[in-house]
Each structure stands twice: as structure tokens, then as C-alpha cells.
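These notes concern the structure reproduced below.
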Amino acid sequence: MSLTGPYVGRFAPSPTGPLHAGSLVAALASWLDAKAHNGQWLVRMEDVDTPRCIPGADQIILQQLAACGLQPDGPVVYQSQRGHLYQQALDRLIQQGDAYPCACTRAEIAQANAAHGITKNRHGDMIYPGTCRPENGGLAGRPARAWRMRVPSGAKAQLDWSDRCLGEQSQQLDEAVGDFVIKRADGLWAYQLAVVVDDADQGITHIVRGEDLTDNTPRQIWLQHQLHQPTPSYLHTPLVLGDNGEKLSKQNGAQALDISDALTCLKMAGRSLHLQVNASNQCDWLAQAIQQWQSQFA
Ligand code: GLU
């Protein structure tokens with residue numbers, strides 16, 4: 001299915017804490033891309049993983065964005081209020097035979113993989129051996145824990161896409177990830193399903209986000225195919241690394257942005273995006289940044 005119509009982009013933070021230098025880069029890049037295309041820029045709070053969310057972080061993020069001059073062009077949506085849409089998608093996938101319940105614990109998956117000599121993937125994640133696939137006997141009387149999305153094998157499992165920044169990309173879904181979780185054992189919706197349902201529901205045409213999410217894209221494209229949704233265009237931005245050379249993240253203690261000096265925050269984010277903007281006020285800085293982005297990416 002192809003995309004038509006006007007540009008709709010989004011920034012989709014998880015409200016697990018305030019924005020830091022790394023997440024501002026993703027916010028700024030997605031905003032610049034939308035503005036460079038005369039498009040709409042939406043903000044979606046990805047608060048499905050409720051135990052990791054911090055009350056009030058959503059408001060702080062919105063204030064930080066506003067201080068940097070990044071204003072959403074529509075109402076902010078919250079994934080925690082959209083469970084009915086994820087359920088509809090799951091029902092459809094079940095009906096199509098794409099999703100199936102799984103009873104396996106992590107220890108059981110590890111054991112089954114060890115028995116078959118299957119090693120973890122490059123992120124240290126376990127590839128699901130397919131124990132609960134209906135054709136392998138299903139739950140076999142055990143209680144369902146999670147719901148998994150079936151991935152194809154062989155030539156059909158090779159997903160190719162073109163990233164506007166990284167170029168041609170390819171992933172062999174069955175070897176890289178295997179049948180993946182779309183509803184977790186703790187009853188929470190998995191990021192992969194929620195993000196695909198929401199991007200489609202909000203009519204997102206362009207996704208601009210951090211490079212750490214690149215590996216998720218083929219799973220999301222596969223879900224889009226099976227849900228008969230269009231595939232947006234993708235641009236993954238370079239990651240901001242901390243002093244230890246690791247990806248800057250809330251988990252490794254990245255500092256919240258000091259928005260009393262929003263221009264400095266924007267300049268730092270702009271440098272990570274290889275923008276060379278010289279302006280002494282925020283309004284001019286953003287206007288010049290849009291122009292530069294336009295010449296690079298639009
Ligand atoms: N919520 C995800 C995160 O904060 C981003 C999801 C996305 O942009 O697709 O890492």
C-alpha cells in the first residue's frame with residue numbers, strides 16, 4: 001500500500017523521565033523534517049509500559065518542547081488510553097492466524113534454544129523457538145502468558161527497506177528476532193504493536209527517530225503488512241553518545257535538559273544532526289535549521 005496525501009510526522013517519547021540531550025535530538029529532527037515538508041508534527045506519549053512511566057513526566061516533556069519552540073500541531077495522545085485499538089488489532093491478527101498465545105517462560109525458552117544450539121541474537125535477546133505455535137502443539141494445556149506475532153521463514157522473512165539517512169536496510173526476521181511478543185505476559189501491550197496501530201491511526205506518513213530503534217523497523221513493517229496498513233517513510237538519526245561511549249539514555253543517567261537556556265540545548269541537538277546554524281535567538285535558529293534540513297533531506 002502506498003502513501004498519499006500531506007506529510008504527518010510525530011515525536012513519540014516514553015514518559016519515563018524528562019527529555020535529555022539524546023531525546024531532544026529525535027524531537028528536533030522529527031520537528032524539522034515536518035516543518036521542512038510543510039507538514040504536521042504530532043506528539044504521542046508512549047506510556048504503555050506503565051511501571052516504567054513517571055507521573056508528571058509527560059507534562060515536563062511538553063514544557064521542555066515548548067521552551068525549545070517545538071509545539072505540536074494537534075492534541076497529544078496517550079497510549080495508555082488506546083488499549084481498545086490495540087485489542088482490535090490483536091483480534092484481527094488472531095483471526096488471520098498471525099498471532100498465537102504463548103505459555104513459555106524465559107527459562108523455558110532459554111532451555112529449548114540451548115537444546116537446539118540456538119544462540120541469542122546480537123542484542124542478547126532470545127529468539128523464540130516456536131514451541132507454542134499451533135502447528136507445534138500450541139499451549140498443550142498450559143495457561144497463556146503472552147501473545148506472539150508469527151514471522152515468516154525463508155525468502156518471505158527478508159524485509160528490505162530504504163532509510164532516508166542510513167540507506168538500504170535489510171533484516172531476516174526469523175533469524176534476527178523470531179515470533180515476537182505483541183502482548184506481554186504482564187498483560188501490557190508491547191511497544192511494537194502499539195506503535196504500528198497508532199502510526200496508522202494517526203495517519204503518520206514519515207517517521208523520524210533515533211538510530212537505536214532501526215532494528216525494530218522490520219518488525220513494524222511486518223505488522224503493517226499483516227494489518228493492511230501503509231508503510232511510512234523512515235529516517236533514523238545518529239545517536240548521542242555519553243562520555244562512556246554508550247548511548248545516552250534515561251537508564252544510564254543522562255541529565256535532564258536545562259531549558260532555562262533552550263537555545264544552547266537546540267544548538268547541542270543541532271550539532272548532533274550535523275547542522276551548522278549561526279543565530280543568536282531561538283526563532284532565527286529554528287528558521288535557519290529548517291532551511292538547512294530542507295537542503296539535506298527534503
Ligand atoms: N517511545 C519510543 C522511545 O521513546 C520511541 C518510539 C518511536 O519513535 O517509534 O524510545
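Throughout, numbering of the chain's residues begins at 1 and tracks the sequence. Every number for a ligand or one of its atoms is a count from 1 in the order of the listing.
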With salt bridge (Lys or Arg N to Asp or Glu O under 4.0 Å) as the criterion, how do Asp174 and Lys156 come out once you've worked through the C-alpha distance, each side chain's angles and the decisive distance to 0.1 Å? CA-CA 10 Å; Asp174 54 342; Lys156 271 187 92 177; over 6 Å; no

If we number the atoms of ligand 1 from 1 as shown, the ones under 4.0 Å from a heavy atom of Tyr191 are 6 (C), 7 (C), 9 (O)

Go through the structure and list residues passing side chain to side chain donor-acceptor pair (under 3.5 Å) with Trp222, not counting sequence neighbours. none

Are Arg164 and Asp33 close enough for a salt bridge, meaning some N to O gap below 4.0 Å? yes

Under 4.0 Å from a heavy atom of Ser14: which atoms of ligand 1 are those, numbered in the order shown and with their elements? 1 (N), 2 (C), 3 (C), 4 (O)

Crowded around His84 NE2? As in, over 12 foreign heavy atoms under 6.0 Å? yes

Per-atom filter on ligand 1: closer than 4.0 angstrom to a heavy atom of Arg209 are 7 (C), 8 (O), 9 (O)

Where on Leu213 is there a heavy atom closer than 4.0 Å to ligand 1, on the side chain, on the backbone, on both, or on neither? side chain

Enumerated ligand 1 atoms positioned under 4.0 Å from heavy atoms of Val195: 9 (O)

With sequence neighbours excluded, give me every side chain to side chain donor-acceptor pair (under 3.5 Å) pair touching residues 267-282. Asn281-Asp284

Taking 4.0 angstrom as the limit and counting only heavy atoms of Arg10, give me the atoms of ligand 1 inside it, by number and element. 7 (C), 8 (O), 9 (O)

To which of Ala12, Ala194, Ala26 does the heavy atom nearest atom 2 (C) of ligand 1 belong? Ala12

Verify the cluster assignment for Leu266 and Ile259: are they in a single hydrophobic cluster under the rule of side-chain heavy atoms below 4.5 Å apart? yes

